[in-house]
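Quick notes on the structure that follows.
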Amino acid sequence: MANLDDLYREIILDHYRTPRNRGELPTPPARRVEGFNPLCGDEITLYLELADGRLADIKMTGRGCSISQASASLMGAAVKGKTLVEVRAAIERFRQLMTVTETRLDEGAEPALPDVRSLGELAALAGVVKFPVRIKCAMLAWATLAQGLDEASAD
Amino acid sequence: MTSYSPSRVRADVPQFHREVRGRPLAYLDSASSTLPPRAVIEAMDRYYERHHANVHRGVYLTAEEATADYEGARAAVARFINAPGGAGEVVFTKNTTESFNLLARSWGASQLEPGDVVVVTEMEHHANVVPWFQLRESRGIEVRFIPVGDDYRLDLSHVDQLLEGARLLSVTGMSNVLGTRNDLAALARLAHDHGALIAVDGAQSVAHGSSDVARDGIDFLAFSGHKMLGPTGIGVFWTRRSLLDAMPPFLGGGGMIADVRTDGFTPADGVARFEAGTPPIAEAVGLHAAIRYLEGLGPDAVEAHERELTRDALERLEGAFAGRVRVIGPGDVTDRGGVLSLDVEGVHPHDVAQVLDQHGVCVRPGHHCAKPLMHRFGLAATARASFGPYSLARDTDALIEGLAHALDLFA
Ligand SMILES: Cc1ncc(COP(=O)(O)O)c(C=O)c1O
């Protein structure tokens, strides 16, 4: 059964208490993108500096629960300095990690956890999928990042 | 005298017979939805097993039975809220939200002119805010808000100004965030003195004490079955027959017409005009059983029990956490129901609720569909614990144990 320890891994609590990449970047050159989770009032603002096909720098502000804030912090660490292709791939991998499979109708079935070896520290968030209501929290920063990249490529 | 016993109610509710995460269920989310007793579930099962047929159509035996069941539920609702005009004033809807949409789109859109004023309050659920904003967009009405004071109660100091020229005062019987109960009879007098009608959101108040539209002088009432031990999928819209008769249909289709021709239609008379399509029949049967069950407990006895639980919880939360857990709502229990919105120092409500879940405690984190109110108090969310007729002091024990854990984990 899903256990609290699956959710509040030490890495998550650490990133919640000491979030990385907090702050703002001057806009422009950076672009600013906001995300909200209307369900619980979580909010995040990302500052993305794109240069030479890379996410050269990322900073963030916002408030929310430990999962949304830790996920944002872990995301920043995972994507900073990466090429946009790599960032898109990371977003897609994370989306898959947060996808609920159709097991609920089978009483007692547990969602199968994906292979997380390639995910590094982000694997700490894999347990979130066992708490489907919290998926939105974990996805907030990632969905906001995707939106920022979409807006950038539309310009 | 009733023989109300909260632990007997608990025994009657099947869900309390399961465990969650190896612990007894401490269900403290009755403001979201209540847990139905076996009597409600069995009434619905019996209906589907023996009587189900469409209503108001067939003339065979089960169709007659189903129609009698459905109309019987309407009569029970009328008695439960003391509707002066009886069952002919009770419209079944899907929930409180739909009832408010019916009010705004039928009464509001037909009776209100551009510039007309509808007054709501800062403690309203979105169900009693958004339909009025929609009407503002489509009809150009004005929406005013009665503020909430620092004591978590309606601030009526400028109410005469706010009600000046108003056509409707639409107010909740009890806040689903603060627990504050409003004095409906006094508000009804205020509204009427200003020539306005009064609509009441009974979603919270109807389940936790007696409701009497005639005594309080109410003009419109909306509530949901699932917050009063009944099933989801059914709600009630009540208004006096004279007002109802002037209201045009809201949804169109089968069941709501007197005649349809190739050049138009004539709506049915009475409540049928507002019940387009096959209604929630089994749900009406379940609601009827819930009303019977609640009446058996005695609404006043339930209210007194929940008040005592609230008093005890307020005192113990203060004793255990001395200010680290703040209750967003009145600190005394006069005119207050069993809703405790908690702001836990340094822990986001979502995390509070998650840790509580591990203790078998069900609370609701979030803005509780009352964003104007949350904004008023500078909060994005709270973790809300709320009592029902089956709640016991040991649920508060589990709550306090879980809160201590949450404070510890995120310290
Ligand atoms: C005061 C109040 N009004 C309206 C509603 C909406 O009820 P429903 O979701 O059943 O339409 C609720 C339920 O959350 C409520 O507490």
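Basis for what follows: all heavy atoms, side chains included, without hydrogens, waters or symmetry-related copies. Residue numbers start from 1 in every chain, and the chains themselves are labelled A, B, ... in the order their sequence lines are given, proteins ahead of strands.
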A:Tyr16 side chain to B:Asp351 side chain, donor-acceptor N/O pair below 3.5 angstrom: no
Contact origin within B:Ala353 toward chain A - heavy atom pairs under 4.5 Å: neither
Other residues, nucleotides, ligands: >12 heavy atoms within 6.0 Å of B:His17 NE2: yes
4.5 Å side-chain heavy-atom contact, B:His405 and A:Leu4: yes
Min side-chain heavy-atom separation B:His350-A:Cys137 under 4.5 Å: yes
Flag if over 12 foreign heavy atoms under 6.0 Å of NZ, A:Lys59: yes
Between B:Val355, B:Leu379, B:Val347, B:Val352, the one whose heavy-atom pairs under 4.5 Å with chain A are most numerous: B:Val355
Heavy-atom pair with the smallest gap, counting every atom of B:Ala380 and A:Arg63: CB-NH2, 3.7 Å
Heavy atoms of other groups near A:Asp150 CG, more than 12 under 6.0 Å: yes
Considering all heavy atoms, the nearest A:Arg17-B:Leu409 contact: NH2-O, 2.8 Å
Non-hydrogen side-chain atoms of B:Gln354 and A:Ile67 separated by less than 4.5 Å: no
